[in-house]
Protein chains: 2
Amino acid sequence: MDSKIFNLKAKLEVYKAMTNGGNFADCPVRDVIQGISGKWSSLLVMALAEKPYRFGELRRLVPDISQRMLTQTLYDLQRDGYVHREVFPTKPPSVEYSLTDLGRSMFAPLQMLVQWAELNHDAVRAARAAFDAAQA
Amino acid sequence: MDSKIFNLKAKLEVYKAMTNGGNFADCPVRDVIQGISGKWSSLLVMALAEKPYRFGELRRLVPDISQRMLTQTLYDLQRDGYVHREVFPTKPPSVEYSLTDLGRSMFAPLQMLVQWAELNHDAVRAARAAFDAAQA
DNA sequence: AAGTGGTGGTCTCAAAAAGAGACCAGCACT
DNA sequence: AGTGCTGGTCTCTTTTTGAGACCACCACTT
């Protein structure tokens with residue numbers, strides 16, 4: 001493990017950036033992270049990274065999202081510049097959502113996290129089970 | 001841009017993993033991601049990546065977290081195996097929180113996201129401002 | 001002609017999560 | 001005897017989320 005190098009790098013670059021010089025409360029990094037750390041945000045970004053989807057397609061793709069949260073999460077993602085919304089004058093009008101360049105560039109590091117999750121979900125589940133067993 | 005290669009890779013590895021074969025609802029990756037996508041989780045992990053902290057130190061470090069949410073978020077992070085909690089028999093007893101190996105390994109990809117946020121928060125804020133201006 | 005279904009939403013109301021702040025025991029120091 | 005620090009829990013209020021009804025419009029079926 002190169003944890004020494006890792007920690008040094010973390011301290012010098014990341015910590016300094018996120019603390020905003022000792023101020024955790026109004027930190028721009030926090031502002032950005034919170035925009036994508038919602039319950040559905042990352043999931044929708046991951047879906048749209050594959051290809052553009054229409055509203056109803058997304059709803060069917062993610063069966064346990066409420067229509068209300070789908071609307072709102074897409075709205076928020078659009079507002080932050082990750083998602084582009086385009087209405088086609090078909091009948092009935094269809095609405096297509098796609099990732100912007102900013103969204104695609106954000107998906108790159110997000111993908112790292114997803115890959116980590118893919119590799120380590122067994123460890124997480126094991127930790128969870130062990131913890132629950134110890135509590136009982 | 002190598003967006004073609006990027007998308008292919010995304011489709012083959014990430015999308016397949018997260019869809020769990022077409023099923024977005026019970027996907028282990030989602031389970032893991034949701035555990036770290038809470039409002040305070042990533043922030044606390046980032047803080048603890050720098051060095052271990054005691055409860056009160058974390059509270060002062062993140063002034064706008066309520067004591068209740070600090071307790072609960074640390075509990076959840078401990079349950080998922082990211083954080084180690086150790087009580088020292090001082091008077092009064094002090095409690096130290098630190099990242100486990102799993103927590104440190106998760107911080108690596110999280111750091112990528114933080115670095116992206118650091119580089120792109122201007123773009124996000126600009127998009128937000130433009131969107132709000134267009135709505136008005 | 002009257003139903004049926006698909007489009008992308010909004011509106012209302014209930015449930016869950018988060019925030020605010022009081023309270024607690026134990027010990028050190030004054 | 002009072003004050004402060006430790007790491008919390010408990011209760012109450014506010015915010016966020018979820019569940020589901022409802023909407024207009026049009027195509028297609030019956």
Here's a test of your reading of the structure: between B/Gln67 and A/Gly56, which maps to the more 5' nucleotide of DNA chain C?
A/Gly56

Reckon B/Tyr97 touches a base, only the sugar-phosphate, or nothing at all at heavy-atom distances under 4.0 Å?
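Here B/Tyr97 touches the backbone only, sparing every base.
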
Whether B/Arg60 contacts D/dT6 is assessed here as follows: a side-chain N or O lying under 4.0 Å from the phosphate OP1 or OP2. Is that the case?
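Yes, because at least one side-chain N or O of B/Arg60 sits under 4.0 Å from OP1 or OP2 of D/dT6.
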
Would you indicate whether A/Arg128, at its atom CZ, is surrounded by more than 12 heavy atoms from other residues, nucleotides or ligands within a distance under 6.0 Å?
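Result for CZ/A/Arg128: enclosed.
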
Inter-residue atom distance [X].[atom1] - [Y].[atom2], 0.5 Å rounding:
{"X": "B/Tyr75", "Y": "A/Phe131", "atom1": "OH", "atom2": "CZ", "result": "4.0 Å"}
{"X": "A/Leu119", "Y": "A/Trp116", "atom1": "CG", "atom2": "CH2", "result": "9.0 Å"}
{"X": "B/Phe55", "Y": "B/Leu70", "atom1": "CZ", "atom2": "CG", "result": "4.0 Å"}

Can B/Leu74 be reached from B/Phe88 by stepping across I, L, V, M, F, W or Y side chains whose heavy atoms are under 4.5 Å apart?
no

Just how far, in rounded Å, is [atom2] of [N] from [atom1] of [X]?
{"X": "A/Glu57", "N": "C/dT7", "atom1": "CD", "atom2": "C1'", "result": "12 Å"}
{"X": "A/Arg54", "N": "C/dG9", "atom1": "CZ", "atom2": "C1'", "result": "14 Å"}
{"X": "A/Lys91", "N": "D/dC25", "atom1": "NZ", "atom2": "P", "result": "13 Å"}
{"X": "B/Tyr75", "N": "D/dG8", "atom1": "OH", "atom2": "P", "result": "12 Å"}
{"X": "A/Leu74", "N": "C/dG8", "atom1": "CG", "atom2": "P", "result": "11 Å"}
{"X": "B/Phe88", "N": "D/dG8", "atom1": "CZ", "atom2": "P", "result": "13 Å"}
{"X": "B/Phe55", "N": "D/dT6", "atom1": "CZ", "atom2": "C1'", "result": "10 Å"}
{"X": "A/Leu70", "N": "C/dG8", "atom1": "CG", "atom2": "C1'", "result": "10 Å"}

May I ask you to decide whether A/Arg79 forms a salt bridge with A/Asp76, counting only side-chain N to carboxylate O separations under 4.0 Å?
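No salt bridge links A/Arg79 with A/Asp76.
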
Please determine, for the side chain of B/Arg59, which listed nucleotide (D/dG7, D/dG8, D/dC25) has the closest atom?
D/dG7

Between D/dG7, D/dG8, C/dG9, which nucleotide has the shortest distance from any of its atoms to the side chain of A/Val95?
C/dG9

Of the non-hydrogen atoms in A/Ile33 and B/Ala117, which two are nearest, and what is the gap between them?
CD1-CB, 4.2 Å

Might you list the N or O atoms of the protein lying below 3.5 Å from N or O atoms in nucleotides 12-18 of chain D, with each pair's distance?
unit_1	atom_1	unit_2	atom_2	d
D/dG18	OP1	A/Lys39	NZ	2.8
D/dG18	OP2	A/Trp40	NE1	3.0
D/dG18	N7	A/Arg68	NH1	3.4

